[in-house]
Amino acid sequence: MKNSIDPMFNLAKNTFKHGVHPPENKEETNRLPIRQFPFAPLIILPMQQHIGNPSQIIVREGQEVARGQLLAKANGYMSVPMHSPVSGKVRKIANVPVISGQMVQGIYLEPFPFSGQETIEGKPIPLSASPEEILRGIQDAGIVGLGGAAFPTHVKLKIPEGKKCEHLLINGIECEPYLTTDHRVMLEQADDIFMGIRYLLKATGAKEVVIGIEANKQDAADHLVGKIPQDLPVRVQVVPVKYPQGAEKMLITAIIGKEVPSGGLPIDVNTVVVNIATTAEIGRLLPHGQGIQERVITITGPAISKKGNDLIPIGTPLRYVLEQVGASKNISEVFMGGPMMGVSASSLDISIVKGTSGIVVFGDNDVKKTDKIYPCIKCGSCVDACPIFLNPSKLGILAKFEAYDSMAEEYNLMDCFECGSCSYVCPSNIPLVQYFRLSKGIIRKRKANIQQKTNA
């Protein structure tokens, strides 16, 4: 396959309808190389860092562990293990806080002072391995989606019976404002990315690989094009800058030209989408049989003096991170992830987890808070913004009256992936995406209760 970027005239058509254009705010970090973050005096590892069952602890208090050693095993198929990000001692096994506000089981690790912190080697997964062995290796490495969703990668890559993967999309879009994590990974870890693609091709059986990159990262696109191995069926597709271009369904529409059906998955249109940083981790870890211990995170925002892209050990406390990067003393808001789909941290005592792609910090003078919510004026701005053609205005009214069944059955609420475009454009300051998130949680809980009663 010709190793080139598709012609620029495709930019006009390679996108989806609707969406929004929030300020990018990437210029302060997109040219800053990845830097190694120091080890915190105490690492706090929650076992619930991914969708599915939490990892099951296999170490004991007082035990000494090496960096990369298995601390917790996968608790079933929909789960991944946890590896030690440091060489040190298990000080305590107890409940730890997470961003949801809940307390979950976790491990407190004290790193050894002056340790070289070399990572132990495991059993390599060769490229000659079978698809099943590669999927098992990905699970054993504790790899989940690093774009923020933290869905176990081995589950996503398992092609259901009767389905096939024709297109493998590597998602380097990174449309979330402020974040430049994936941008730097593409510029600095190209060899790992292409090694990861080799494993992904073997695991999925795909015949074609497309790396999607937004036009504001042309340097990354050019760099990857120049590094594509001649024997790989890979092309780079540059797409317009628009939010939420990086959402799976939007990316498939933009590049493949197909629409994922309501309630469906990418595999329903013969496609698998994998984040670019996740791909790089697969290529970095599997040849050494190692587990994920750290990840690249963008740390930025008006209240940060030492902005950058940092390779941070998983489990590093947020409070320690902010101290190291010169955060303002007058912090107003801290987003884990970007400001559109990220979650505002309610406490600085939580830790960096596998799904943390960015930390965006605002001071008291940076955020204009308008707590007052005005009535919907039926302007239609949210309808024009929604990338999956829902009616956020109507859904918001139904949420107010707790008409959850109608929201799901008549207005397709469960198709909403909470991109926040509707809230962003609403002139009445209605927190639509928060309403939808709560409503979806209630609907899922109702369904679970009904299923329990059915099985009883």
Side-chain angles (χ1 to χ4, degrees), residues 21-45 85-86 97-99 111 113 117 146-148 174-189 214 216-217 219-220 241 243 277 293-370 420 424:
H21 294 86
E24 295 175 32
N25 294 311
K26 296 175 183 282
E27 62 280 352
E28 290 191 282
T29 59
N30 61 7
R31 298 192 181 278
L32 298 178
I34 298 169
R35 59 193 180 190
Q36 182 69 56
F37 208 77
F39 292 112
L42 189 67
I43 297 292
I44 305 172
L45 287 168
V86 297
V98 292
I99 196 165
Q117 296 290 347
L146 300 184
E174 197 169 40
C175 60
E176 183 80 40
Y178 286 98
L179 304 191
T180 56
T181 296
D182 291 347
H183 192 165
R184 295 312 308 179
V185 166
M186 288 187 282
L187 288 171
E188 301 183 48
Q189 300 178 7
E214 273 194 322
N216 59 2
K217 291 176 274 293
D219 56 343
V241 177
Y243 181 86
Q293 310 129 37
E294 56 193 4
R295 64 153 301 154
V296 181
I297 297 172
T298 300
I299 306 176
T300 186
I304 297 294
S305 61
K306 300 176 184 177
K307 301 175 177 66
N309 299 286
D310 295 82
L311 187 60
I312 301 184
I314 292 164
T316 301
L318 177 59
R319 190 182 300 276
Y320 177 81
V321 171
L322 297 182
E323 290 171 357
Q324 294 297 307
V325 297
S328 166
K329 295 186 182 299
N330 300 314
I331 293 176
S332 171
E333 205 156 16
V334 180
F335 284 97
M336 303 297 273
M340 294 296 286
M341 289 189 73
V343 179
S344 180
S346 58
S347 167
L348 300 184
D349 295 323
I350 61 175
S351 300
I352 300 302
V353 293
K354 295 178 182 180
T356 306
S357 56
I359 300 171
V360 185
V361 186
F362 297 92
D364 289 337
N365 298 325
D366 304 317
V367 180
K368 294 181 180 179
K369 292 191 175 181
T370 306
Y424 178 76

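Just the heavy atoms: all of them, side chains too, but no hydrogens, waters or symmetry mates, feed the values below. A quick note: this is a predicted structure, and the numbers were derived from the prediction, not measured.
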Take K307 and V325 through the test side-chain contact (heavy atoms from CB on, under 4.5 Å) and record every step on the way to the result.
-> CA-CA 7 Å; K307 301 175 177 66; V325 297; over 6 Å; no
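- Residues H183 and N216 have side chains that never bring a donor and an acceptor to within less than 3.5 angstrom of each other.
- Side-chain polar atoms of T181 and T298 form a donor-acceptor pair below 3.5 angstrom.
- Between E214 and C175 the shortest heavy-atom distance is OE1-CA, 3.6 Å.
- K354 and R295 make their closest contact through O-NH1, 2.8 Å (heavy atoms, listed as atom of the first residue, atom of the second, distance).
- For the residue pair T29 / T180, a side-chain donor-acceptor distance below 3.5 Å is found, with atom types taken as modelled.
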Apply side-chain contact (heavy atoms from CB on, under 4.5 Å) to the pair I331 and L322, showing each step before the final yes or no.
-> CA-CA 10 Å; I331 293 176; L322 297 182; 3.9 Å; yes
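- Considering N365, D366, D364 as possible partners of N330, the one that fulfils the side chain to side chain contact (heavy atoms under 4.5 Å, CB included) test is D364.
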Verdict with supporting geometry, K306 and I299, side-chain contact (heavy atoms from CB on, under 4.5 Å) | CA-CA 8 Å; K306 300 176 184 177; I299 306 176; over 6 Å; no
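- Within 6.0 Å of atom CZ in R35, more than 12 heavy atoms from other residues, nucleotides or ligands are found, so the atom counts as buried in its surroundings.
- Ring centers of Y178 and F362: under 6.0 Å apart, within the cut-off.
- The shortest heavy-atom contact between P111 and A40 is CG-O, 3.3 Å.
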